[in-house]
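On a predicted model such as this, the values are computed, not experimentally measured, just so you know. Here, residue 1 is the first one in the sequence, and each next residue gets the next number. Computation of the quantities below employed the complete heavy-atom set of this structure, encompassing side-chain atoms and omitting hydrogens, waters and symmetry-equivalent molecules.
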Amino acid sequence: MGRGRVQLKRIENKINRQVTFSKRRSGLLKKAHEISVLCDAEVALIVFSTKGKLFEYSTDSCMERILERYERYSYADRQLLANDLEQNGSWTLEHAKLKARIEVLQRNQKHFVGEDLDSLSLKELQNLEQQLDSALKHIRSRKNQLMYESISELQRKDKALQEQNNVLAKKVKEKEKELAQQAQWEQQSHTLDSVPSLLPQPLQSSLNIGGSQQARGNGRVDEGTPPHRANALLPPWMLRHLNQ
């Protein structure tokens, strides 16, 4: 049968305890030497017996150098741990401050909306009332300023629209005047074209300017109707158009 597992507890028998210490110490020193050779590691082993006897092992018998290196690393670790603790303490303090500030702000917010007022004293209520009055004054001042700016902007737009409307109205009047003049000219031209057809045949022959010019060209003058008598038969308004 194989050897059973040894229970890890203090050996009560003094002799057995001493024998076990000697065997385990030798094995421990052997293992330290093996790991230093096989793995090229720096190993320092210190063992004190129950009677205070020192047993040690160090790579290349340089215990002081290994212990000095250990002190440097140990000091760096202690400093890092101290910095972490200090930083954690600082963060804890900052968290507590921020939490208290949030609670104060939440309580003030409830007071401003009229909640949780039972815990306030008369002086605190008066201070709260003054703060609300001051806030209302600032709010009304800002509201009036925005309303004034809005009214000024609307007035400016209204003035611009009126000026634009005046310009358009002026253009419309000019266009209507041009159309009226054009219609008047067309009416006058149409009246002049229709005058010969309204006259009697003897007057039309006397008003035949082309025929008169041809007769004058041939040296003959129509003696039938004198020019002044033909003009006397025409109305004054026709004479004005003919003279034009």
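Annotation: Leu67, atom CG; neighbour count of heavy atoms from other residues, nucleotides and ligands within 6.0 Å is above 12. The environment of CG in Leu54 is crowded: more than 12 heavy-atom neighbours from other residues, nucleotides or ligands sit within 6.0 Å. More than 12 heavy-atom neighbours from other residues, nucleotides or ligands sit within 6.0 angstrom of CZ on Phe55. The environment of CD in Gln181 is crowded: more than 12 heavy-atom neighbours from other residues, nucleotides or ligands sit within 6.0 Å.
Taken to the nearest 0.5 Å, the CG atom of Asn13 stands 8.5 Å off from the CD1 atom of Ile11. Rounding to the nearest 0.5 Å places CG of Asn127 at 9.5 Å from CG of Leu122.
Between the side chain of Thr20 and the main chain of Asn16, a donor-acceptor pair closer than 3.5 Å is present. Formation of a donor-acceptor pair under 3.5 Å by the Ser152 side chain with backbone atoms of Tyr148 is found in this model. Counting only distance, with no hydrogens or angles, the side chain of Ser26 and the backbone of Ser22 share a donor-acceptor pair below 3.5 Å.
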* **Working for side chain to side chain contact (heavy atoms under 4.5 Å, CB included), residues Gln109 and Leu105** => CA-CA 6 Å; Gln109 184 178 6; Leu105 292 175; over 6 Å; no
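Using a 4.5 Å heavy-atom threshold, the side chains of Lys99 and Ile102 count as separate. Side-chain contact check for Lys31 versus Ile35: every heavy-atom pair is 4.5 Å or farther apart. A heavy-atom distance below 4.5 Å is not found between the side chains of Arg107 and Lys110. Proximity of Lys14 to Gln18: side-chain heavy atoms (C-beta onward) are nowhere separated by under 4.5 Å. Looking at heavy atoms from C-beta onward, Ser134 lies in side-chain contact with His138 at the 4.5 angstrom threshold. With a 4.5 Å cut-off on side-chain heavy atoms, Val47 and Phe21 count as touching.
Annotation: side chain to side chain donor-acceptor pair (under 3.5 Å) contacts involving residues 33-56, sequence neighbours excluded, comprise His33-Tyr57, Ser36-Tyr57, Glu42-Arg65, Glu42-Arg69. Sorted by first then second residue, the side chain to side chain donor-acceptor pair (under 3.5 Å) pairs that include residues 157-166, not counting sequence neighbours, are Asp158-Gln162.
A salt bridge links Glu12 with Arg10; the closest basic N to acidic carboxylate O contact falls under 4.0 Å. Taking 4.0 Å as the cut-off between side-chain N and carboxylate O, Glu174 and Lys177 do not count as a salt-bridged pair.
Leu117 and Leu128 make their closest contact through CD2-CD2, 3.9 Å (heavy atoms, listed as atom of the first residue, atom of the second, distance). Here the closest heavy-atom approach between residue Met63 and residue Ala44 is recorded as SD-CB, 3.7 Å. Shortest non-hydrogen contact noted between Thr59 and Ala41 is OG1-O, 3.5 Å.
The cluster map of Ile, Leu, Val, Met, Phe, Trp and Tyr, joined by side-chain heavy atoms under 4.5 Å apart, puts Leu125 and Leu132 in the same cluster.
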